[in-house]
Amino acid sequence: MRPTISIRGQKLKISDEMSKDCLSILYNTCVCTEGVTKRLAEKNDFVIFLFTLMTSKKTFLQTATLIEDILGVKKEMIRLDEVPNLSSLVSNFDQQQLANFCRILAVTISEMDTGNDDKHTLLAKNAQQKKSLSLGPSAAEINQAALLSIPGFVERLCKLATRKVSESTGTASFLQELEEWYTWLDNALVLDALMRVANEESEHNQASIVFPPPGASEENGLPHTSARTQLPQSMKIMHEIMYKLEVLYVLCVLLMGRQRNQVHRMIAEFKLIPGLNNLFDKLIWRKHSASALVLHGHNQNCDCSPDITLKIQFLRLLQSFSDHHENKYLLLNNQELNELSAISLKANIPEVEAVLNTDRSLVCDGKRGLLTRLLQVMKKEPAESSFRFWQARAVESFLRGTTSYADQMFLLKRGLLEHILYCIVDSECKSRDVLQSYFDLLGELMKFNVDAFKRFNKYINTDAKFQVFLKQINSSLVDSNMLVRCVTLSLDRFENQVDMKVAEVLSECRLLAYISQVPTQMSFLFRLINIIHVQTLTQENVSCLNTSLVILMLARRKERLPLYLRLLQRMEHSKKYPGFLLNNFHNLLRFWQQHYLHKDKDSTCLENSSCISFSYWKETVSILLNPDRQSPSALVSYIEEPYMDIDRDFTEE
């Protein structure tokens with residue numbers, strides 16, 4: 001493949017056909033012989049060389065497939081900036097090649113051990129971040145920067161992601177590509193799915209013959225040439241879905257990377273969101289037959305199904321796009337943006353600045369924006385659907401950040417609160433992931449919003465319903481604590497307002513009445529502290545620590561902090577285990593200081609979501625950690641000397 005023999009001073013040029021044969025031998029050796037792929041992966045110069053073979057269309061697919069397999073087992077991530085003429089290579093890809101290249105990019109721009117998984121402990125993540133700071137940017141970050149420096153790269157990805165099926169590659173070239181795949185990977189699951197769908201359709205429509213045998217003619221009963229090369233529509237759709245999957249994944253990773261703002265700006269400029277909105281009904285959430293969904297050997301609800309994976313990747317992209325970014329309003333159309341302005345005007349509150357700053361030429365067009373379309377399919381989703389989690393996360397990300405009354409009312413008017421309560425109470429949802437996403441969404445939807453609490457009370461209109469709701473909350477506080485926090489914060493704000501509407505809600509709402517009771521708050525506080533420990537803190541359950549702090553900060557505002565600490569001490573004694581809870585809480589707060597005082601983003605999120613200044617968070621933690629045993633607001637004042645255990649090291653065990 002890379003000869004060193006010189007003939008008359010010139011290097012011997014290897015033909016594409018010979019390169020294809022070499023690639024074929026290499027690939028089959030990797031498949032059949034254990035350890036070959038790993039040995040090839042160790043040869044970094046060889047892996048880099050493989051990229052140069054993708055300049056030829058004849059060897060592109062074989063090369064891409066081999067690279068993908070090698071990168072899948074490579075211990076150290078390849079650096080794209082070491083690939084010769086990377087910019088020229090990528091710029092010369094046609095759209096079909098670029099879509100396939102995204103499969104390789106998915107491996108090169110994702111952190112090999114991200115530490116972003118909710119199951120990773122924060123101790124481990126903090127240690128990894130300290131290590132990363134000393135080492136500089138990771139290979140994945142370097143690769144992301146290398147791709148973003150390629151002129152027109154993001155624009156081309158946006159065009160691929162929003163391309164309609166009718167605009168995709170012509171039938172003849174697609175057939176040629178499928179034949180390449182067929183001879184190269186005769187067991188490929190993707191091809192298996194494509195071929196099976198095509199055969200199903202050709203049984204119903206004799207005009208669809210995908211691969212006529214060589215030398216076939218009219219005499220042996222095949223249709224006319226024009227009909228013989230006609231591609232079934234479902235195969236075109238499946239082909240486009242497979243492309244869009246990879247492209248959306250790459251865009252999603254770039255949106256969460258260091259250059260997030262740059263990527264956001266480009267994605268908005270190249271109209272990714274309006275383009276996806278136009279594809280929503282016909283491709284992303286299209287109506288389809290069950291047979292068109294499923295890969296061989298998988299069932300209809302399997303997450304490996306291309307249709308299902310596309311939907312999940314689409315929802316993840318929306319979540320990343322909306323999360324704490326003012327570009328989220330591009331998910332609406334002009335009419336819906338006007339509706340937000342009208343809501344603010346009617347409530348006599350200032351319009352959201354981000355709404356006023358939204359470039360109206362970049363928003364969704366058509367009768368409905370992308371957010372509204374998502375709400376519509378969300379409300380129709382079957383109870384057992386795996387999409388519910390991702391749908392709720394995508395909508396919740398639209399509400400995250402500084403609470404916006406207009407945003408909440410926009411969603412409330414579309415029946416979102418009633419839908420969530422139906423799922424939690426009437427369908428008695430059992431999935432923990434779905435429950436958590438619905439509780440988080442409900443909290444963001446109701447926070448500080450009197451109208452939302454009125455709607456809640458109207459729906460949960462019997463004690464029986466309320467008891468089912470409480471049972472769901474208490475079944476797992478890790479899942480429901482964000483709702484508990486939002487209701488606690490709302491109660492505190494309502495109690496300090498002089499307004500007839502607010503007074504009416506305070507007197508009638510079962511949920512506010514329940515949370516207002518000190519025994520209820522103490523029960524939540526005790527359990528929230530008890531279910532977490534420094535060694536087991538993750539991104540998922542650290543919210544329990546912050547919710548317990550919110551309860552104590554609001555108690556401090558009312559000068560009731562010593563009372564709450566004394567009650568916690570009594571609850572410890574009633575469990576016959578004095579000191580176990582307050583020692584644990586002391587260690588958790590010490591970790592809190594280490595974790596949050598060095599992370600700007602997290603502290604901003606805490607401040608925005610609670611409407612409590614971060615300085616008040618820090619002061620409250622400092623007061624609780626005061627070593628003076630005479631202080632009535634210090635934890636050590638409530639831990640008896642024989643049971644004191646507050647100086648543990650935070651080491652990852």
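All values below were derived from every heavy atom in this structure, side-chain atoms included, with hydrogens, water molecules and symmetry-related copies excluded.
With sequence neighbours excluded, no residue forms a salt bridge (charged side-chain N to carboxylate O under 4.0 Å, His left out) with Lys458. Residues satisfying the side chain to side chain contact (heavy atoms under 4.5 Å, CB included) criterion with Thr520, sequence neighbours excluded, are Tyr514, Gln517, Phe524. By the ring pair (Phe, Tyr, Trp, His ring centres under 6.0 Å) test, Tyr638 is found to be paired with no residue, residues two or more places apart in sequence or in another chain being considered. Applying the side chain to side chain donor-acceptor pair (under 3.5 Å) criterion to Glu269, with sequence neighbours excluded, gives no partner residue. Residues satisfying the ring pair (Phe, Tyr, Trp, His ring centres under 6.0 Å) test with Phe280, not counting sequence neighbours, are Trp285, Phe314. Annotation: side chain to side chain donor-acceptor pair (under 3.5 Å) contacts of Lys558 (sequence neighbours excluded): Glu495. Among residues two or more places apart in sequence or in another chain, the salt bridge (charged side-chain N to carboxylate O under 4.0 Å, His left out) test is passed with Arg432 by Asp479. Applying the salt bridge (charged side-chain N to carboxylate O under 4.0 Å, His left out) criterion to Arg400, with sequence neighbours excluded, gives Asp323, Glu396. Contacts of Phe585 classified as ring pair (Phe, Tyr, Trp, His ring centres under 6.0 Å), with partners at least two apart in sequence or in another chain: none. For Lys618, the salt bridge (charged side-chain N to carboxylate O under 4.0 Å, His left out) criterion is met by no residue, not counting sequence neighbours.
In plain terms, the two heavy atoms of Leu537 and Val542 that are nearest each other are CD2-CA, 3.9 Å.
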Please test Thr547 against Thr488 for side-chain contact (heavy atoms from CB on, under 4.5 Å), starting from the C-alpha separation and ending with a verdict.
CA-CA 9 Å; Thr547 299; Thr488 304; 6.0 Å; no
Hey, mind stepping through Gln319 and Val395 against side-chain contact (heavy atoms from CB on, under 4.5 Å) and telling me if it holds?
CA-CA 7 Å; Gln319 181 185 352; Val395 177; over 6 Å; no
Show, in sequence, the C-alpha distance, side-chain angles and deciding distance for Ser437 and Trp390, and conclude whether the side-chain contact (heavy atoms from CB on, under 4.5 Å) test is met.
CA-CA 8 Å; Ser437 64; Trp390 296 106; over 6 Å; no
Applying side-chain contact (heavy atoms from CB on, under 4.5 Å) to Lys271 and Leu362, what does each step give before you reach the verdict?
CA-CA 6 Å; Lys271 298 190 174 183; Leu362 303 177; 3.9 Å; yes
Decide side-chain hydrogen bond (donor to acceptor under 3.5 Å, both in side chains) for Ser613 and Ser615; before the verdict, give the C-alpha distance in whole Å, the side-chain angles of both, and the deciding distance to 0.1 Å.
CA-CA 5 Å; Ser613 69; Ser615 60; 3.0 Å; yes
CA sep, side-chain torsions, deciding dist, call: Asn333, Arg368, side-chain hydrogen bond (donor to acceptor under 3.5 Å, both in side chains):
CA-CA 6 Å; Asn333 64 18; Arg368 292 182 296 275; over 6 Å; no
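In this model, a donor atom of one side chain and an acceptor atom of the other lie less than 3.5 Å apart for Glu336 and Thr372. Residues Asn449 and Gln408 bring a donor and an acceptor atom of their side chains to less than 3.5 Å of each other. Looking at Asn338 and Arg360, their side chains do bring a donor and an acceptor atom within 3.5 Å of each other. Of the N and O atoms on the side chains of Ser361 and Asp359, at least one donor lies less than 3.5 Å from an acceptor on the other residue. For the residue pair Asn474 and Arg527, a side-chain donor N or O sits within less than 3.5 Å of a side-chain acceptor on the partner. Between the side chains of Asn546 and Arg485, no donor-acceptor pair of N or O atoms lies under 3.5 Å. A side-chain donor-acceptor contact under 3.5 Å links Glu351 and Ser341.
No option in Val355, Val352, Ile343 other than Val352 meets the side-chain contact (heavy atoms from CB on, under 4.5 Å) test with Ser404. If you run side-chain hydrogen bond (donor to acceptor under 3.5 Å, both in side chains) between Gln391 and each of Lys379, Lys311, Glu381, only Glu381 comes through.
Distance alone, capped at 3.5 Å, places no donor-acceptor pair between the Lys447 side chain and the Cys486 backbone. In this structure a side-chain-to-backbone donor-acceptor pair under 3.5 Å is missing from Asn461 to Asn457. Without hydrogens or angle criteria, Gln593 side chain to Val621 main chain gives no donor-acceptor distance under 3.5 Å. Panel note: side chain Thr358, backbone Ala354; a donor-acceptor pair is recorded below 3.5 Å. The backbone N or O of Pro519 lies less than 3.5 Å from no partner atom in the side chain of Ser523, so there is not a single donor-acceptor pair. In this structure a side-chain-to-backbone donor-acceptor pair under 3.5 Å is missing from Gln569 to Leu582. Under the 3.5 Å distance criterion, the side-chain polar atoms of Arg556 are left unmatched by any main-chain donor or acceptor of Pro562. Under a 3.5 Å cut-off, the side chain of Ser480 and the backbone N or O of Ser476 do form a donor-acceptor pair. Side-chain atoms of Asn541 come within 3.5 Å of backbone N or O of Thr536 as a donor-acceptor pair.
Counting heavy atoms from C-beta on, the side chains of Leu416 and Met378 come closer than 4.5 Å. For the pair Asp440 and Arg393, the minimum side-chain heavy-atom distance is below 4.5 Å. Residues Asp365 and Asn278 have side chains in contact (heavy-atom distance under 4.5 Å, counting atoms from C-beta outward). Taking 4.5 Å as the limit, some side-chain heavy atom of Arg493 sits within range of a side-chain heavy atom of Cys611. Between Leu506 and Phe453, the closest side-chain pair of non-hydrogen atoms is not below 4.5 Å. The shortest distance between side-chain heavy atoms of Gln535 and Thr121 does not fall below 4.5 Å. At a threshold of 4.5 Å between non-hydrogen side-chain atoms, the residues His586 and Val636 count as touching. Within the 4.5 Å cutoff, side-chain heavy atoms of Arg510 are placed close to those of Asp463.
Pairs of residues two or more places apart, or lying in two chains, that qualify as ring-ring contact (aromatic ring centres under 6.0 Å, His included) and include a residue from residues 327-384 are Tyr329-Phe398. Residues in residues 532-561 take part in no ring-ring contact (aromatic ring centres under 6.0 Å, His included) pair, two or more places apart or across chains.
Between Phe389 and Tyr438, the ring centre distance reaches or exceeds 6.0 Å.
The side-chain tip of Lys328 does not point at the ring of Phe321 from less than 6.0 angstrom away and within 45° of straight on. For the pair Arg414 and Phe410, the distance from NZ or CZ to the six-membered ring centre is under 6.0 Å and the angle to the ring normal is within 45 degrees.
Separation of atoms NZ (Lys471) and CD1 (Ile424) is listed at 14.5 Å; rounding is to 0.5 Å.
Ring-plane geometry between Phe456 and Phe469 is classed as perpendicular, the angle between the planes exceeding 60 degrees on a 0 to 90 degree scale with a lower cut at 30.
Heavy-atom neighbours of Tyr422 OH from other residues, nucleotides or ligands within 6.0 Å: at or below the threshold of 12. Within 6.0 Å of CD on Gln335 lie no more than 12 heavy atoms contributed by other residues, nucleotides or ligands.
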